[in-house]
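Notes to accompany the following structure.
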Amino acid sequence: PIAYLPRSLVSQLRSGSILPDLAQALEELICNSIDAGATKVYAFVDISSSFVKVEDDGSGITRDDLALVGERHATSKLHCLMDLEAGLLTLGFRGESLSSLSDIAVLEVTSRTRGSPNTYRKIMKDCKALSIGLCSEQRAPGTTVILRDLFYNLPVRRKAIISSPR
């Protein structure tokens with residue numbers, strides 16, 4: 001389950017995830033899919049519209065956990081200092097990437113767990129939930145993460161990505 005990190009651990013980390021470019025953002029999302037036990041991961045990127053979509057068939061996120069998705073210092077990958085010292089058995093950056101992504105994009109997470117009849121969706125921007133609740137569109141178990149307007153608040157970085165040779 002996703003939980004807030006203890007304050008003592010947050011103070012020892014002293015850094016958030018920094019996602020300098022589109023490739024790093026995509027890598028973090030794919031790592032999250034693999035950590036969720038996905039056997040199939042689909043990625044779609046539209047550089048000209050600063051859009052990224054990653055869809056998987058992993059374990060999905062419960063409604064209760066979805067409430068914490070994207071919140072600062074909330075993660076399922078790390079729970080105490082011993083986890084960090086022992087070496088994480090997960091990919092990505094300690095589970096902080098969704099919070100960082102919601103700082104630089106509109107973040108939409110749609111998920112359904114195995115055995116659940118419902119699909120839930122959370123939309124965030126600037127680390128704040130814009131909406132959360134039941135999704136009218138059902139999906140198979142797993143999670144879809146969409147980033148819209150990636151780097152909307154970093155115009156120089158956005159322009160560099162859009163104008164870079166492919």
Side-chain angles (χ1 to χ4, degrees), residues 1-19 24-44 51-150:
I2 298 173
Y4 287 108
L5 293 171
R7 286 185 183 184
S8 60
L9 182 56
V10 169
S11 66
Q12 291 183 22
L13 293 176
R14 290 196 186 118
S15 68
S17 179
I18 297 172
L19 300 165
Q24 178 88 32
L26 182 61
E27 178 183 353
E28 289 293 332
L29 295 177
I30 291 171
C31 286
N32 284 348
S33 292
I34 294 168
D35 286 341
T39 58
K40 296 177 185 164
V41 179
Y42 302 95
F44 175 78
F51 177 90
V52 175
K53 177 180 179 180
V54 174
E55 186 171 349
D56 69 47
D57 67 348
S59 59
I61 304 169
T62 66
R63 167 62 179 90
D64 290 343
D65 281 350
L66 194 61
L68 293 177
V69 161
E71 299 289 325
R72 291 193 193 284
H73 311 302
T75 180
S76 63
K77 296 183 180 191
L78 179 65
H79 301 287
C80 64
L81 185 58
M82 287 186 349
D83 292 343
L84 190 59
E85 291 171 346
L88 295 177
L89 300 176
T90 59
L91 303 171
F93 190 80
R94 301 187 297 250
E96 298 175 87
S97 62
L98 294 178
S99 176
S100 294
L101 287 168
S102 79
D103 271 340
I104 58 173
V106 176
L107 172 72
E108 179 181 316
V109 181
T110 305
S111 194
R112 179 177 163 207
T113 58
R114 286 177 182 80
S116 172
N118 298 320
T119 299
Y120 296 96
R121 175 175 290 142
K122 182 175 187 178
I123 300 174
M124 298 184 72
K125 184 177 181 180
D126 297 323
C127 280
K128 295 179 181 86
L130 302 177
S131 70
I132 183 169
L134 276 172
C135 181
S136 59
E137 305 157 16
Q138 290 299 312
R139 60 155 291 143
T143 301
T144 301
V145 178
I146 295 174
L147 304 175
R148 298 181 201 284
D149 296 327
L150 189 59

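Scanning for side-chain hydrogen bond (donor to acceptor under 3.5 Å, both in side chains) contacts around Thr39 gives Asp57, with sequence neighbours left out. Not a single salt bridge (charged side-chain N to carboxylate O under 4.0 Å, His left out) links Arg63 to another residue, sequence neighbours left out.
Residue Lys128 holds its NZ atom at 9.0 Å from CG of Asp103, rounded to the nearest 0.5 Å. Distance CZ/Arg148 to CD/Glu108: 5.0 Å, rounded to 0.5 Å.
By the 4.5 Å heavy-atom criterion applied to side chains, Ile132 and Tyr120 are not counted as neighbours. Counting only heavy atoms from C-beta outward, the side chains of Leu107 and Leu147 approach each other to under 4.5 Å. Taking 4.5 Å as the limit, every side-chain heavy atom of Val54 sits out of range of all side-chain heavy atoms of Asn32.
Taking both residues in full, the closest heavy atoms of Ser111 and Gly142 are given as OG-O, 3.1 Å, listed atom of the first, atom of the second, then distance. For Leu66 against Lys122, the heavy-atom pair with the smallest separation is O-CD, 3.1 Å. Residues Met124 and Val69 share a closest heavy-atom pair of SD-O, 3.3 Å. The two residues Arg114 and Ser59 make their nearest non-hydrogen contact at NH1-CA, 3.2 Å. Scanning both residues, Lys53 and Ile146, for their nearest heavy atoms gives CG-CG1, 3.9 Å. The two residues Cys127 and Gly70 make their nearest non-hydrogen contact at SG-O, 4.2 Å.
Using modelled atom types, no side-chain atom of Thr113 and backbone atom of Ile61 make a donor-acceptor pair closer than 3.5 Å. A donor-acceptor pair is defined here as one N or O able to donate and one able to accept, closer than 3.5 Å; such a pair exists between the side chain of Asp56 and the backbone of Thr143.
Judged by distance alone, the side chains of Arg139 and Thr144 do bring a donor and an acceptor atom under 3.5 Å apart.
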